[in-house]
Amino acid sequence: MNDTELKTPKTARGLKTRNKLLDAAEKEFGEKGFHDGAISGITQRAGVALGTFYTYFESKEAVFRALVEHMSNRTRTHVASRVAGAPDRLTAEREGIAAYIELVRQNEDLYRIIMEAQFVAEEAYRAHYDRFARAYQKNLTEAAGRGEIDPAHIEERAWALIGISVFLGLQYGVWDKDKPAEDVADAIDGFVRYGLDRQER
């Protein structure tokens with residue numbers, strides 16, 4: 001059991017306070033990075049006493065790891081909710097790309113924190129992408145079972161689709177926000193669609 005699990009709140013009030021600290025940590029680390037960010041900065045932003053921080057987290061490293069997991073869960077929940085009504089997997093891929101780019105634009109610190117995690121909290125960084133890969137593989141396997149996509153190489157294609165989303169999000173969510181997210185998704189739709197579509201063998 002890790003330190004995050006040990007300090008998981010048992011009440012709604014405790015969960016609210018923990019989430020307030022995570023939101024504050026997102027701002028602190030997003031603006032200053034991990035090394036220059038401080039626990040005192042997090043508590044000041046959250047409007048809580050320093051002792052309250054240690055009720056929920058053992059250290060700055062612990063809150064950073066928890067933040068990466070929190071942001072990962074939020075990202076997957078957001079995208080999943082946006083594609084839930086898609087009629088098929090190929091449409092879901094298109095809608096998911098647009099939803100992800102929009103989320104990145106609304107959460108400017110997402111990339112800085114996740115990218116820094118590979119150096120500060122490698123286990124959390126890998127877990128972030130592993131969770132996405134498992135979900136992708138599950139969705140692709142189910143879609144293949146329905147005859148919507150080619151059933152070959154599910155694992156490799158899951159990681160390839162993650163890579164597409166990551167770099168589209170970086171280019172059009174962080175670096176260049178002028179192009180509508182829907183236009184980006186439309187532009188890449190054929191590339192993804194014909195890569196996943198059922199092939200004659």
So does K16 have more than 12 non-hydrogen atoms from other groups sitting under 6.0 Å from NZ?
no

Parallel, tilted or perpendicular: which fits the ring planes of H128 and F132, with parallel below 30° and perpendicular above 60°?
perpendicular

Does a salt bridge link R65 with E122, judged by any charged N lying under 4.0 Å from a carboxylate O?
no

Could you label the plane-to-plane angle of the Y125 and Y129 rings as parallel, tilted or perpendicular, counting under 30° as parallel and over 60° as perpendicular?
perpendicular

Check for a donor-acceptor pair, side chain of D88 on one end and backbone N or O of T91 on the other, with a separation under 3.5 Å.
yes

Scan side-chain atoms only and decide if Y100 and E95 contain a donor-acceptor pair under the 3.5 Å cut-off.
no

Contact summary for K32 and R45, nearest pair of heavy atoms
CE-NH2, 4.2 Å

Derivation of the side chain to side chain contact (heavy atoms under 4.5 Å, CB included) call for I164 and F191
CA-CA 10 Å; I164 289 171; F191 179 80; 3.8 Å; yes

If the threshold is 4.0 Å, N to carboxylate O, is there a salt bridge linking E93 and R89?
yes

Expected output: side-chain K60 to main-chain G37 donor-acceptor under 3.5 Å
yes

Carboxylate-amine/guanidinium proximity below 4.0 Å for R134 and E155
no

Within the distance-only criterion (no hydrogens, no angle test), does the side chain of Q44 pair as donor or acceptor with the backbone N or O of G41 below 3.5 angstrom?
no

Considering all heavy atoms of both residues, which atom of K27 and which atom of D109 are nearest to each other, and what is their separation?
CA-OD2, 4.1 Å

Main chain of M71, side chain of T75: is a donor-acceptor contact present, judged purely on distance under 3.5 Å?
yes

Between R193 and D189, is the closest basic N to carboxylate O distance under 4.0 Å?
yes

Side chain T52, main chain V48, donor-acceptor under 3.5 Å:
no

Closest heavy-atom pair, Y111 versus S165, reported as atoms and distance to 0.1 Å, is OH-O, 3.9 Å

Heavy atoms from other residues, nucleotides or ligands near CD of Q171 exceed 12 (cutoff 6.0 Å):
yes

Could you name each residue pair satisfying ring pair (Phe, Tyr, Trp, His ring centres under 6.0 Å) that touches residues 157-181, not counting sequence neighbours?
none

For Y136 and R157, what are the C-alpha separation, side-chain angles and deciding distance, and is it a side chain to side chain contact (heavy atoms under 4.5 Å, CB included)?
CA-CA 9 Å; Y136 249 122; R157 289 177 176 181; over 6 Å; no

Any chain of hydrophobic side-chain contacts (each under 4.5 Å) joining L103 to L170?
no

Treat each ILVMFWY residue as a node, draw an edge where side-chain heavy atoms are under 4.5 Å apart, and state whether L15 and L67 are in one component.
no

Looking only at atom types and distance, does a side-chain atom of R94 sit under 3.5 Å from a main-chain N or O of A185, one as donor and one as acceptor?
no

What is the minimum heavy-atom distance between I113 and E26, and which atoms define it?
CD1-O, 3.6 Å

Around atom CZ of R126, are there more than 12 heavy atoms of other residues, nucleotides or ligands at under 6.0 Å?
no

Run V63 and E58 through side chain to side chain contact (heavy atoms under 4.5 Å, CB included) and show every step you take.
CA-CA 8 Å; V63 72; E58 295 282 354; over 6 Å; no

Which pair of non-hydrogen atoms, one from A181 and one from E102, has the smallest distance, and what is that distance?
CB-CG, 3.7 Å

Determine whether E69 and R131 satisfy the following criterion, side chain to side chain contact (heavy atoms under 4.5 Å, CB included), listing intermediate values before the conclusion.
CA-CA 10 Å; E69 182 177 358; R131 283 191 290 268; 4.0 Å; yes

Indicate the atoms forming the closest heavy-atom contact of A152 with D150, along with that distance.
N-OD1, 2.9 Å

